[in-house]
Amino acid sequence: MFEDWDLLVSSFLSQYGIRMQTAEFKSVSWDEFRSLIAGLAPDTALGRVVAIRAETDPEILKHFNPEQMRIHREWKEREAGRAKKMSWKEFQSGMADLERMLAAMCG
């Protein structure tokens, strides 16, 4: 999520009309924030990038432009580089980091 933060900010603004660095956003709970992320449409900036990363159909992939191919390749290389699954402890630590970041941004 950290590396896609700009896409997330853009997507929240385009889909929900929410500017994330405003007083309005300060009232969003963690559960609501997660729900908003889950509800992002495929026509948002983040939705488009996620669709490119997730594409597996060779017929579609062969029509990707160079930028789409770069996004797809970098994601696949990143995923392939993860030799192991994230442990529960690593997940909890990452989520705590994200919550601290959001608290600092909103508070």
Side-chain angles (χ1 to χ4, degrees):
M1 184 174 315
F2 296 111
E3 63 195 50
D4 293 329
W5 189 253
D6 290 341
L7 295 171
L8 185 62
V9 169
S10 173
S11 296
F12 268 52
L13 181 59
S14 68
Q15 181 165 325
Y16 304 120
I18 297 174
R19 293 187 183 275
M20 294 177 72
Q21 296 182 346
T22 64
E24 177 186 11
F25 189 74
K26 290 180 183 182
S27 66
V28 174
S29 69
W30 176 245
D31 288 337
E32 184 179 4
F33 178 72
R34 289 186 329 194
S35 295
L36 290 168
I37 291 173
L40 286 173
D43 63 341
T44 62
L46 184 59
R48 287 187 292 275
V49 168
V50 168
I52 290 168
R53 290 173 177 168
E55 187 56 63
T56 59
D57 185 334
E59 287 301 310
I60 294 174
L61 290 171
K62 75 180 183 180
H63 296 290
F64 272 7
N65 66 40
E67 180 64 7
Q68 290 170 314
M69 284 304 297
R70 181 193 62 76
I71 292 167
H72 187 265
R73 181 185 67 252
E74 286 177 0
W75 182 254
K76 294 300 177 191
E77 289 170 356
R78 178 177 174 247
E79 291 302 298
R82 292 183 182 207
K84 63 177 183 70
K85 294 262 186 206
M86 182 182 288
S87 72
W88 179 246
K89 187 175 180 176
E90 290 168 324
F91 173 77
Q92 288 178 312
S93 175
M95 293 305 288
D97 288 345
L98 180 59
E99 287 185 52
R100 280 191 295 278
M101 181 187 75
L102 286 171
M105 185 182 81
C106 297

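This structure is a prediction, so every number in the text was calculated from the model and none was measured.
- In this structure, Leu36 CG and Ser29 OG are separated by 8.5 Å, a value rounded to the nearest 0.5 Å.
- Across every non-hydrogen atom of Ser14 and Thr44, the tightest pair is OG-CG2, 3.9 Å.
- To the nearest 0.5 angstrom, Ile60 atom CD1 is 4.0 Å from Glu55 atom CD.
- For the atom pair NZ (Lys26) and CE (Met20), the distance works out to 13.5 Å, reported to the nearest 0.5 Å.
- Considering OG of Ser93 and CH2 of Trp88, their distance stands at 12.0 Å, rounded to 0.5 Å.
- Considering CZ of Phe64 and CZ of Arg70, their distance stands at 12.5 Å, rounded to 0.5 Å.
- Closest heavy-atom contact between Leu46 and Ser11: N-OG, 2.9 Å.
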Yes or no on side-chain contact (heavy atoms from CB on, under 4.5 Å) for Ile52 and Trp75, after CA distance, side-chain angles and deciding distance? CA-CA 9 Å; Ile52 290 168; Trp75 182 254; over 6 Å; no
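- Annotation: Arg19, atom CZ; neighbour count of heavy atoms from other residues, nucleotides and ligands within 6.0 Å does not exceed 12.
- At a threshold of 4.0 Å, the pair Glu74-Arg78 does not count as salt-bridged, since none of the basic side-chain nitrogens sits closer than that to a carboxylate oxygen.
- Between Trp5 and Phe33, the angle of the ring planes lies from 30° to 60°, which puts this pair in the tilted group.
- Using modelled atom types, no side-chain atom of Arg53 and backbone atom of His72 make a donor-acceptor pair closer than 3.5 Å.
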Walk me through it: do Leu40 and Leu8 pass the test side-chain contact (heavy atoms from CB on, under 4.5 Å)? CA-CA 9 Å; Leu40 286 173; Leu8 185 62; 3.8 Å; yes
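- Clustering ILVMFWY residues whenever any of their side-chain heavy atoms sit less than 4.5 angstrom apart, transitively, puts Val50 in the very cluster that holds Met69.
- Between Ser10 atom OG and Asp6 atom CG the span is 8.5 Å, to the nearest 0.5 Å.
- A donor-acceptor distance shorter than 3.5 angstrom exists from the side chain of Gln15 to the backbone of Ala41, with no hydrogens or angles considered.
- Follow the hydrophobic side-chain contacts under 4.5 Å out from Ile37 and you reach Leu7 in the same cluster.
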